[in-house]
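Taking it in order: structure first as C-alpha cells, then the write-up.
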Amino acid sequence: MKAEITSLLQQAIQSLQSDGVLPADVSPNIQIDRTRDKSHGDFACNIAMMLAKPAKMKPRDIAVKIVTILPDSPVVEKVEIAGPGFINFFITANAQTMVVPAILEAGDRYGRSDLGKGKRVQVEFVSANPTGPLHVGHGRGAAYGATVADLLAAVGFDVHREYYVNDAGRQMDILATSVWLRYLGLCGVELDYPGEQDFPSNGYKGDYVWDIAATLHRENADAMQKSWAEISDGLPDDEPAGGDKELHIDALINKAKTLLRDDQYRLVFDLGLNYILDDIRDDLEHFGVTYDEWYSERSLADSGAVMKALERLQASGHTYEKGGAIWFKSSDFGDEKDRVLVRDNGQTTYFASDIAYHMHKMERGFERVIDIWGADHHGYVPRVKAALEALGDDPKKLDVLLVQFAILYRSGEKVQMSTRSGSFVTLRQLRKEVGNDAARFFYVMRKSEQHLDFDLDLAMSQSNDNPMYYIQYAHARVCSVFRQLEEKGLSHDAQNGLAELGQLDTSHEQALFTNLGKYPEVLENAAINHEPHQLVHYLRDLANDFHTYYNAHQFLVEDVAVRDARLSLNQAVRQVLANGLKLLGVSAPESM
RNA sequence: GUCCCGGUAGCUCAGUUGGAUAGAGCAACUGCCUUCUAAGCAGUGGGCCGGGGGUUCGAAUCCUCCCCGGGGCGCCA
C-alpha cells in the first residue's frame, strides 16, 4: 500500500520536475506515514513541506500542484491537502479489506519479508561465564537476544545465534578450585581456616558446587585427596585473617594445579565446566532459546588465534611495551586510555581473547555482528571497536546492544539479589514461578536500554492488568468463537467470507483492517531497530481492537454473508496474533 | 572527574526516527453479564513532555548548558 502511494507521488513529482515547476536537481526522499487521526486519512505525506525550501514555493502551493497531476489509482479513494501542506490519502474500502485474504493466504508467513536479502548476521548473546547457573539478569539478555534474532530472521536475514563460552579465564580456575575444595570436604578433609571461616572468601559457595563435587567424588573416590597441611603450606592469609583474598585464591589455584598435576586438574576443571554448561543449555532450551553454535574461548588460544591477533596488531604498529606488559594503543582510535594485551607475567588478558574472537567473527564473513551485553560492559565497547579498526576491519559492522538490569518486585517490594539469601535469583526459579511465557514476554516488554521493573505479581496475575494474558485471551476468544460455531451446527464458508468482506463497514472492522495491515511494517521496524517491545505494543493494540469488536458485535449471526465475512476477519486476527506471539517466544493458547 | 542510559498523567511506560489536538495500562470515579469466555467492553477526570537557550514552516523528538536518578571507568572476566 505504501509502495503504491510512493510510486504515485514519484510519478507526479517527476513530471513536475520535467515541466520545470520543481527544480530538477533535488531528489526528494518520499516519506509516507500512517496517520494518527482517521480524519487525516490513512496515509500522509510531508513532501510538499520538504520541497518548499529548495523550490522556493509555499508548501500548500506545491501540494496543490502535486495533487492535481497525481495519477488515478484503484486503491486511493480521495486525496486531501491539510494543515501546513500535508497530502492525505484515503484508501478505498475495497483496498482496505484486501489485507484479510493476504493474511489467510500467507498464514504463518504473513509479515515476513526479504528485507535482509539473506545477509549473514551473527547475534551473540547471554555468553555468561560458566561458573554458575544463569540468574535473572542473564534471563533478560536471553529473551531479548532470542527475540532480536528471530525478528531479524523473520525479515529475511540469515541469522547465526552464538554463545561465547568463557572457558579459559581465571574465573574458571576459581570454579575448579572451589569444586576440588568441596570434594575434599566429601573426602573428610577439613579446611582448617582460622576462626569461623571454612572456605576461601573468593570461592564459589553455591550449592551446585557441592553437586559437582559429589559427582567428582563418586567417580574418583579419594584419588584426588590431599591433606590440608599440604595445601595450606606457604598459603597467604585470606581476607578475614587480614590477608588479600585475590592473592589467597590465586595461590590456592596454583596449589591445586601443582598438587593435582595437569591431568587431574583438567579433569576437575572440565567436570565443572561441562556440568554448568549442560545446566545452562538445558535452562535456555526450556526457555525457548537455542543456539547455532557454542563458541569456546579456549579454542581460540588453542588454535593460535589469540597469537595471530596479537601479531596482526603488532604489525599494524599500534602496540608498545611498558612495565613489562604489552599494550594496545586504543587511545589512537577514540578509547579513553590504552589497554593491556599481555600482562607482565606473560599471560594474555581477556581483552586479547576478545580481540581474537571478534577478528574471527569478521573472518567468518558475517556482514553484521551483533553483540548483546549487559549495560555494565558499555565501557568495553570503544576498545573492541578500536581493535577492529586497528586490524583493518570495519568497526561499523559490529553493533553492540546493551541491556539494562532487570529488577524484580514482589508485593511492591524490591527482591534483594543476594546469592546467599533465600530469595530466588536464578532464571530457572523465575521460569518456575511465573512460567516461560510470562518471563519471555515481560523481559522484552520494555526498551532494552530501559531499566526493567519486573513485577512478579503482575506477571502471574490473570487479569487485564497483565498485558500478556490480554493478548493471549484475544487469541483464545477467536478460537472459542469457532468452537461455538461448530456447537451450533454451523460452518464457515471461507470462500464466501472473503467475497463478502465488503459487508464489514463498521468503525471497529475498519480499525482492524488498518491494524492488521500494519503488522509487516511493525515487524520490519522492530527488527531493524532491535526493538521487540514495538511488537509487544502492537499486539496489545491489536488485541484491544479485537476485544472492542467482540463486545460491540455478534459474530455468529443469522445473515450468512455477514457471518462468513466476520469469521474470516476473526481468522485473520487469530493468525496475526499467533504469528506475533510466536516471534516473542510466547504460546498462543486456544482456550484459557 | 569523565563516559553511557534514563527523566512524559498519582504509578509503570509508549510515542511511527522532526509532523497535525502528546497516547496506553494500572490506580480513582460511572455504567455493561439470560447472548460467541466479564481473563472482557464503554465512559469521566488527570500533563511546564526535568529546566533554560538554540536550530526551522513545525521540537517530547535534533544541538547546547544546567538539575535530578541509575550505571561504567582493573596488568578481573
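Lettering of chains follows the sequences in order, A, B, ..., and the numbering in each one begins at 1. Predicted, not measured: the structure shown is a model, and the values here were computed from it.
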Please state the [atom1] separation for the pair [N] and [M] - nearest whole angstrom.
{"N": "B:rC3", "M": "B:rA39", "atom1": "C1'", "result": "46 Å"}
{"N": "B:rG74", "M": "B:rA27", "atom1": "C1'", "result": "47 Å"}
{"N": "B:rG70", "M": "B:rC29", "atom1": "C1'", "result": "36 Å"}
{"N": "B:rC49", "M": "B:rG31", "atom1": "P", "result": "34 Å"}
{"N": "B:rA20", "M": "B:rG15", "atom1": "P", "result": "15 Å"}
{"N": "B:rG23", "M": "B:rC33", "atom1": "P", "result": "31 Å"}
{"N": "B:rC26", "M": "B:rG46", "atom1": "C1'", "result": "14 Å"}
{"N": "B:rU30", "M": "B:rG47", "atom1": "C1'", "result": "23 Å"}

Please tell me which of the listed nucleotides, [options], lies nearest to the side chain of [X]?
{"X": "A:Glu297", "options": "B:rU17, B:rA77, B:rA20", "result": "B:rA77"}
{"X": "A:Lys447", "options": "B:rU12, B:rA14, B:rC36", "result": "B:rA14"}
{"X": "A:Asp376", "options": "B:rG72, B:rA77, B:rU16", "result": "B:rG72"}
{"X": "A:His537", "options": "B:rC13, B:rG72, B:rG19", "result": "B:rC13"}
{"X": "A:Met592", "options": "B:rA77, B:rA39, B:rG25", "result": "B:rA39"}
{"X": "A:Arg446", "options": "B:rA14, B:rC36, B:rU17", "result": "B:rA14"}
{"X": "A:Thr349", "options": "B:rA77, B:rA14, B:rC57", "result": "B:rA77"}
{"X": "A:Glu449", "options": "B:rG70, B:rC5, B:rU16", "result": "B:rC5"}
{"X": "A:Asn551", "options": "B:rC75, B:rG6, B:rC41", "result": "B:rC41"}
{"X": "A:His377", "options": "B:rU16, B:rA77, B:rC57", "result": "B:rA77"}

Would you classify [X] as touching base, sugar-phosphate or nothing, given that sugar-phosphate means primed atoms plus P, OP1 and OP2, and contacts are heavy atoms under 4.0 Å?
{"X": "A:Asn46", "answer": "base"}
{"X": "A:Ser353", "answer": "nothing"}
{"X": "A:Ala82", "answer": "base"}
{"X": "A:Phe482", "answer": "nothing"}
{"X": "A:Phe351", "answer": "nothing"}
{"X": "A:His378", "answer": "base"}
{"X": "A:Ala52", "answer": "nothing"}
{"X": "A:Ala476", "answer": "base"}
{"X": "A:Gln31", "answer": "sugar-phosphate"}
{"X": "A:Gly323", "answer": "base"}
{"X": "A:His475", "answer": "nothing"}
{"X": "A:His40", "answer": "base"}
{"X": "A:Asn88", "answer": "base"}
{"X": "A:Ala552", "answer": "nothing"}

May I have the distance from [X] (atom [atom1]) to [N] (atom [atom2]), rounded to whole angstrom?
{"X": "A:Arg477", "N": "B:rU35", "atom1": "CZ", "atom2": "P", "answer": "13 Å"}
{"X": "A:Glu336", "N": "B:rG72", "atom1": "CD", "atom2": "P", "answer": "14 Å"}
{"X": "A:Phe546", "N": "B:rA24", "atom1": "CZ", "atom2": "P", "answer": "21 Å"}
{"X": "A:Met460", "N": "B:rA39", "atom1": "CE", "atom2": "C1'", "answer": "16 Å"}
{"X": "A:Lys2", "N": "B:rU16", "atom1": "NZ", "atom2": "P", "answer": "12 Å"}
{"X": "A:Asn529", "N": "B:rU61", "atom1": "CG", "atom2": "P", "answer": "19 Å"}
{"X": "A:Tyr409", "N": "B:rC11", "atom1": "OH", "atom2": "P", "answer": "13 Å"}
{"X": "A:Lys56", "N": "B:rU56", "atom1": "NZ", "atom2": "C1'", "answer": "17 Å"}

Please check the phosphate of [N] (OP1 and OP2 only) for any side-chain N or O of [X] closer than 4.0 Å.
{"X": "A:Thr131", "N": "B:rA77", "value": "no"}
{"X": "A:Arg343", "N": "B:rC76", "value": "yes"}
{"X": "A:Arg339", "N": "B:rC73", "value": "no"}
{"X": "A:Arg540", "N": "B:rA14", "value": "no"}
{"X": "A:Asn570", "N": "B:rC36", "value": "no"}
{"X": "A:Tyr470", "N": "B:rC41", "value": "yes"}
{"X": "A:His508", "N": "B:rC41", "value": "no"}
{"X": "A:Gln450", "N": "B:rG70", "value": "no"}

Audit row: A:Arg446, A:Asp453, salt bridge (Lys or Arg N to Asp or Glu O under 4.0 Å) steps and yes/no: CA-CA 9 Å; A:Arg446 302 279 174 243; A:Asp453 289 333; over 6 Å; no

Pick the nucleotide of RNA chain B nearest each of A:Asp37 and A:Glu531; which residue has the one closer to the 5' end? A:Glu531

For RNA chain B, whose closest nucleotide is more 5', that of A:Val340 or that of A:Ser591? A:Ser591

Cationic tip of [X] above [Y] ring, under 6.0 Å, 45° of axis:
{"X": "A:Arg574", "Y": "A:Phe482", "result": "yes"}
{"X": "A:Arg477", "Y": "A:Tyr550", "result": "yes"}
{"X": "A:Arg383", "Y": "A:Phe328", "result": "no"}

Step through it carefully: locate the ring centre of A:Tyr443, locate the ring centre of A:Tyr144, and say whether they are under 6.0 Å apart. no

Face-to-face contact A:Phe405 to B:rG71 six-ring, under 5.5 Å, under 30°: no

Are A:Asp371 and A:Lys361 side-chain neighbours, meaning at least one heavy-atom pair lies under 4.5 Å? yes

Side-chain contact, heavy-atom cut-off 4.5 Å: A:Leu569 with A:Tyr549? yes

Taking all non-hydrogen atoms of both residues, which atom of A:Asp455 and which atom of A:Leu458 are closest, and how far apart? OD1-N, 3.1 Å

Contact summary for A:Asp61 and A:Met57, nearest pair of heavy atoms: CB-CE, 4.4 Å

Can you tell me how far the CG atom of A:Asn202 sits from the NE2 atom of A:His248, to the nearest 0.5 Å? 9.0 Å

